[in-house]
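A quick write-up on the structure given underneath.
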Amino acid sequence: MFSDRYNPRETEPKWQRFWEESGTFKTRNDGPQPKYYVLEMFPYPSGRIHMGHVRNYAMGDVVARYKRATGFNVLHPMGWDAFGMPAENAAMQNNTHPATWTYQNIATMRGQLKSMGLSLDWSREIATCDPSYYRHQQKMFLDFLANGLVDRKKSKVNWDPVDMTVLANEQVIDGRGWRSGALVEQRELTQWFLKISDYSQELLDALQTLDRWPEKVRLMQQNWIGRSEGLLVRFDIAPSSKTDAREIEVYTTRPDTLFGAKFMAISADHPLAKSLAVGNPGLQAFIDECHRMGTSVATLETAEKKGYDTGVRVTHPFDPNWTLPVYVANFVLLDYGTGAIFGCPAHDQRDLDFANAYGLGNTPVVCPPDVDPATFVITDTAYDGDGRMINSRFLDGMTIADAKNEVARRLENETLDGRPRAARQVNFKLRDWGISRQRYWGCPIPIIHCEDCGSVPVPEDDLPVKLPEDVTFDRPGNPLERHPTWKHVACPQCGKPATRETDTMDTFVDSSWYFARFTDPWREDAPTTRRVADEWLPVNQYIGGIEHAILHLLYSRFFTRAMSKTGHLGIAEPFEGLFTQGMVVHETYRSPNGDWLQPSEIDMRTENGVRKAFSLATGSEISIGSVEKMSKSKRNTVDPDDIIGTYGADTARWFMLSDSPPDRDVIWSEEGVQGAARYVQQLWRLIGQLAEIAAPAGTPIENISEAAALDIRRLTHRHCARIADHIERLRFNTAIAEIRKLSNALSKILGDVQSPEQMTPQFRLACREAADALVLMFAPMMPHLAEECWERLGHSGAAAYAPWPKVDPALAREDTISIPVQVNGKKRGELVIERDADAKLLEAEALKLDDVQKLLNGQAAKKVIVVPNRIVNVVV
RNA sequence: GCGGACGUGGCGAAACUGGUAGACGCAAGGGACUUAAAAUCCCUCGGGUUUUCCCGUGCGGGUUCGAUCCCCGCCGUCCGCACCA
């Protein structure tokens, strides 16, 4: 009945069909067991899955299957992050509709994921481009609006004049649009914003509660939120200045250095700069130059500090006779602080560069410890370290912290035009989230613009605002904008002709709440069923790439709070545990003429112990290049379909998990996959042998007393405990090493059996237990093989329903252990002794060892360190 | 520039965060079985000596009975942020 060779091509589809027909992985919201929600970041339906998906979903599936086996009601759903630009680009290139392209891709990828044997509840599948999903998003947008979480304001954006759309910063490469290549302009557009900055402090504080998140991600978010404590200070404009303005307000985190001030600088976009530019062509030209410079990384890196002296002078807050020149400077940002700074060249590198360029000099006001203030001079390098105040009148001698407080205290208590001259302020780098996109393939923003009534929400009864289907992509720009009828509607308030908002939402909105929708995707009249969502959420284990460390994960954290504020949820944090997996990388191959070759075009051979690559087509030698992330450009990709077709899903999953720690990159190699495939066969043979000798399935295990049988039991229980521990900690690579140790040990035991008499009933019972346990322990990684083995072992039900093997602690514990004996820290021998032997016994036994005696050379040991169950160290 | 991580055999890695360094695997070499190949099985596999030991976790110091792990100083690789006042 069972063949000698395991054939995944037959068994994998068989068991996939079984799971599907039996509804094995359908999850009930009212299941009696404790709940566990495991989620992998849902894919963008780009066309085909790649090996990164295989890795991501294999990991999630191990967790899901393991948790199910250990008694949890597991939610493990899948969906599609289906809106986005690639669908529109494909529409333009192939003259298809984005929806057609997207749903075709979804169909393909769904089939591919199913061939992986993932234990997903497909009945909960969602696609964000489906009106049944985005209608709820529109509802929530309106709820957010009603609760003051939405803002409409002008902001600067990257505008691609050829494609006629706003581009994200990531889509601007060297100042040009990534698709059109056109020089990107900075435009002021009125945009919709979600007020994530209202939650800056909360999002920052709550990071501390996320103790199952990688430290790295928390740090990245912390830096991104960018909290700083400082002082707002109002500077008077000197009367002689040619402006109507009376004062300029600056934000500083270093009020202690106020006596080192040499200039003031304002942003080119500062209102004062704009008003001064009127009738000042030189200044206007400079402001224009600043705008052209753009904000790309490359320009910032090389940009010189440039400024333009406005002629305006301000007076020092502590000395009316001390004036400072006001420059418009290219390095001052409008949207951080107040768009104006005071420059203290001695203690800020940027200010120093600027001051040196314009001959403004510097005065050190913080003197480093152990340096004589009289000789302390700043030339090219600003000093931003600790020290004592100098050259600062009433601050002299203070620490930086005291000086900051003293300046704040004095200025806070001084009034200017009836208001305090200064105020302490906390600032954040985090900005509000601009969600408007001039794109078709996104969730329409449910707003109608009326000349009389302004921006009016679409009435709830009219939701969803569906995307029109009859659109064309033969021209750049937003098809919604030029659609003949779609945008023309009556104002819901006054009934006059009005127009729809034609911007759609950033696709990051779609992915900010999908995890909540999965808890009740059938609900029609609301985004969530709050009771159900609150029971499932937060997601217990979220798994995905590190590239989402900031945007997606921060947006989701905000969205969860916003949904709670609007009554859709009752929690703050969406993801209790986060795991960021490494990439899948592969060798690269390059022919002598510089062409990249795919792994499938390569024949690997070993000549004189050296690995060499040859082209299958031409036979010529190909140079083996560095290991890099799989990418189309380097052609070092491997297609999951090919791998699954050749080796089976179990082999692919096993190899993905076995070689590297899951948070590190894994090198995909043909040799490695073959090793995994060999192991599949090895297990199949081992289970076959065990099935022959094992006691019948279901025989109770009791009163095992024979040594050989007990050895097998101890082996089994010991490994079982370790494997569970490794999976719990997501250490899949070491879990797999333990499984291999167990199967190796069992193979050896069977191989050592000399005669049939050794196979006593007790021995057969122990084999039964070991075989069952082994299968159930590799089942999370190789579920199809496990089902087939389970059947071969004579079980009637499926392995997917079997509980995780129960560990008997008494059997798992080792009674005899070996303890190393060191002399002066170097291992000289070892004691095999009963567990928990006391220190005196260990010491006596250790000193008896020949090797120890030899080194003692008749003398007494100076000292003997004994750590029970660990080590003995004899000091001579 | 700021912040963070990492550095262990030919390769991926492990080591219960102070207690036998290199588990498990890949590659390689040798052997068995085969007419042969595949498959399978057995042995070797950090370096030097080949009977005893010595050296080895990027480099140099330190703490300790004992350091891959802790501290100080270097070198290198990778990642994130970046004119944030």
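Residue numbers begin at 1 in each chain, while the letters A, B, ... track the order of the sequences.
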Which part of the nucleic acid does R870(A) contact within heavy-atom distance under 4.0 Å: base, sugar-phosphate only, or nothing? base
With a 4.0 Å cut-off on heavy atoms, is D725(A) in touch with a base, just the backbone sugar-phosphate, or nothing at all? nothing
Gap in Å between the two C1' atoms, one belonging to G19(B) and one to C70(B), rounded: 14 Å
Under a 3.5 Å distance rule, please check whether D351(A) uses its side chain to pair with a backbone N or O of C344(A) as donor and acceptor. yes
P gap between C55(B) and A67(B), integer Å: 12 Å
Please determine if a side-chain N or O atom of R664(A) lies less than 4.0 Å away from the OP1 or OP2 oxygen of A13(B). yes
Close side-chain approach of N356(A) and P345(A), heavy atoms under 4.5 Å: no
Between E671(A) and R611(A), does any side-chain N to carboxylate O distance fall below 4.0 Å? yes
Kindly indicate, with the supporting measurements, whether the criterion side chain to side chain contact (heavy atoms under 4.5 Å, CB included) is fulfilled by V426(A) and E229(A). CA-CA 5 Å; V426(A) 173; E229(A) 288 179 8; 4.0 Å; yes
Protein-nucleotide distance (D384(A), atom CG; C83(B), atom C1'), rounded to Å: 15 Å
Base, sugar-phosphate alone, or nothing: which one does R729(A) contact when heavy atoms must sit under 4.0 Å apart? nothing
For K862(A), answer base if it contacts any base atom (sugar-phosphate contacts may also be present), sugar-phosphate if it contacts only those atoms, and nothing otherwise; contact means non-hydrogen atoms under 4.0 Å. nothing
Take atom P in C16(B) and the same atom in A21(B), then report the distance between them in whole Å. 13 Å
Span that lies between the P atom of U63(B) and that of C71(B), in whole angstrom: 16 Å
Any R731(A) side-chain N or O less than 4.0 Å from OP1/OP2 of A15(B): yes
Please state the P separation for the pair C65(B) and C2(B) - nearest whole angstrom. 38 Å
Base, sugar-phosphate, or nothing: which does L219(A) touch, judged by heavy atoms less than 4.0 Å apart? sugar-phosphate
Positive for ring-ring contact (aromatic ring centres under 6.0 Å, His included) with Y327(A), one of F342(A), F354(A), Y308(A): F354(A)
Nearest-Å distance, CD1 (I819(A)) to C1' (G19(B))? 11 Å
Nucleotide of G25(B), C65(B), U20(B) approaching K827(A) most closely (side-chain heavy atoms): U20(B)
Can you tell me the distance, in whole Å, between the NZ atom of K429(A) and the C1' atom of A85(B)? 11 Å
Pair W654(A), V680(A) - check side chain to side chain contact (heavy atoms under 4.5 Å, CB included), show working. CA-CA 9 Å; W654(A) 184 261; V680(A) 167; 5.7 Å; no
Base, sugar-phosphate or nothing for V332(A)? Non-hydrogen atoms, less than 4.0 Å. base
Parallel, tilted or perpendicular: rings of Y589(A) and H586(A) (30°, 60°): perpendicular
For RNA chain B, what residues of residues 833-852 of chain A have any heavy atom nearer than 4.0 Å? none
Name the residue closer to the 5' end of RNA chain B, choosing between G675(A) and I341(A) according to the nucleotide with the nearest heavy atom. G675(A)
Please state whether the phosphate of C65(B), meaning OP1 or OP2, lies under 4.0 angstrom from any side-chain nitrogen or oxygen of K863(A). yes
Within the 4.0 Å heavy-atom criterion, would you say R722(A) contacts the bases, only the backbone, or no part of the nucleic acid? nothing
Ion pair present between E738(A) and K741(A), side-chain N to carboxylate O less than 4.0 angstrom? yes
Of D665(A) and K216(A), the one whose nearest nucleotide on RNA chain B sits closer to the 5' end is D665(A)
Please report the C-alpha distance between V407(A) and D256(A) in whole Å, then the side-chain angles of each, then the deciding distance to 0.1 Å, and finally whether the side chain to side chain contact (heavy atoms under 4.5 Å, CB included) criterion is met. CA-CA 7 Å; V407(A) 169; D256(A) 53 308; 5.6 Å; no
Glycosidic conformation of G9(B), syn or anti, with 90° from 0 as the boundary? syn
With heavy atoms under 4.0 Å as the rule, sort N873(A) into base, sugar-phosphate or nothing. base
Quick check, are the ring centers of Y647(A) and F655(A) under 6.0 angstrom apart? no
Please report the distance separating the C1' of U68(B) from the corresponding atom of A23(B), rounded so that it comes out in whole Å. 15 Å
Lys/Arg-Asp/Glu bridge criterion (N-O < 4.0 Å) met for D348(A), R350(A): yes
Over all strands shown, is S658(A) touching base, sugar-phosphate only, or nothing at heavy-atom distances under 4.0 angstrom? nothing
Using a heavy-atom cut-off of 4.0 Å across all strands, would you classify N733(A) as base, sugar-phosphate, or nothing? sugar-phosphate
Looking at every strand, decide which applies to S818(A) at a 4.0 Å heavy-atom threshold: base, sugar-phosphate, or nothing. base
Which word best sums up how the rings of F259(A) and H316(A) line up, parallel for under 30°, tilted for 30 to 60°, or perpendicular for over 60°? parallel
Within a strict 4.5 Å, meaning less than it, do heavy atoms of the V872(A) and E843(A) side chains meet? no
Does a nitrogen or oxygen in the side chain of R611(A) sit under 4.0 Å from OP1 or OP2 of G10(B)? no
What stems show up for RNA chain B when you take Watson-Crick pairs (N1-N3 plus N6-O4 or O6-N4) and G-U wobbles (N1-O2, O6-N3), both under 3.5 Å, and require three or more consecutive pairs? B:1-7 with B:75-81, B:10-12 with B:24-26, B:28-32 with B:40-44, B:46-48 with B:53-55, B:58-62 with B:70-74
Counting neighbours of CG on D4(A) that are heavy atoms of other residues, nucleotides or ligands and sit closer than 6.0 Å, is the number greater than 12? no
Measure from CD on E671(A) to P on A28(B) and round the result to the nearest Å. 8 Å
Nucleotide nearest Q822(A) when distance is taken to its side chain, options C84(B), G25(B), G19(B): G19(B)
Would one find a side-chain N or O of R740(A) under 4.0 angstrom from OP1 or OP2 of A13(B)? no
What is the distance, rounded to the nearest whole Å, between atom NE2 of H726(A) and atom P of C24(B)? 14 Å
When the distance from NE2 of H586(A) to C1' of C11(B) is rounded to whole Å, what number comes out? 14 Å
What contact category does R431(A) fall into here, base, sugar-phosphate, or nothing, at under 4.0 angstrom with non-hydrogen atoms? base
Between C84(B) and R227(A), is there an OP1 or OP2 to side-chain N/O distance shorter than 4.0 Å? no
When rounded to the nearest Å, what value does the distance between C1' atoms of C6(B) and G58(B) take? 11 Å
For nucleotides U57(B) and U52(B), find the distance between their C1' atoms and express it as a whole number of Å. 25 Å
Remember a base hit wins even if backbone is also touched, and classify V875(A) as base, sugar-phosphate or nothing at under 4.0 Å, heavy atoms. sugar-phosphate
Should Y336(A) be listed as having a side-chain N or O under 4.0 Å from OP1 or OP2 of A85(B)? yes
Could you tell me the separation between the CD1 atom of I550(A) and the C1' atom of G3(B), rounded to a whole number of Å? 12 Å
Rounded to the nearest Å, what distance is computed from the CD1 atom of residue I667(A) to the C1' atom of nucleotide G25(B)? 13 Å
Within less than 4.0 Å of OP1 or OP2 of C2(B), is there a side-chain N or O belonging to R350(A)? no
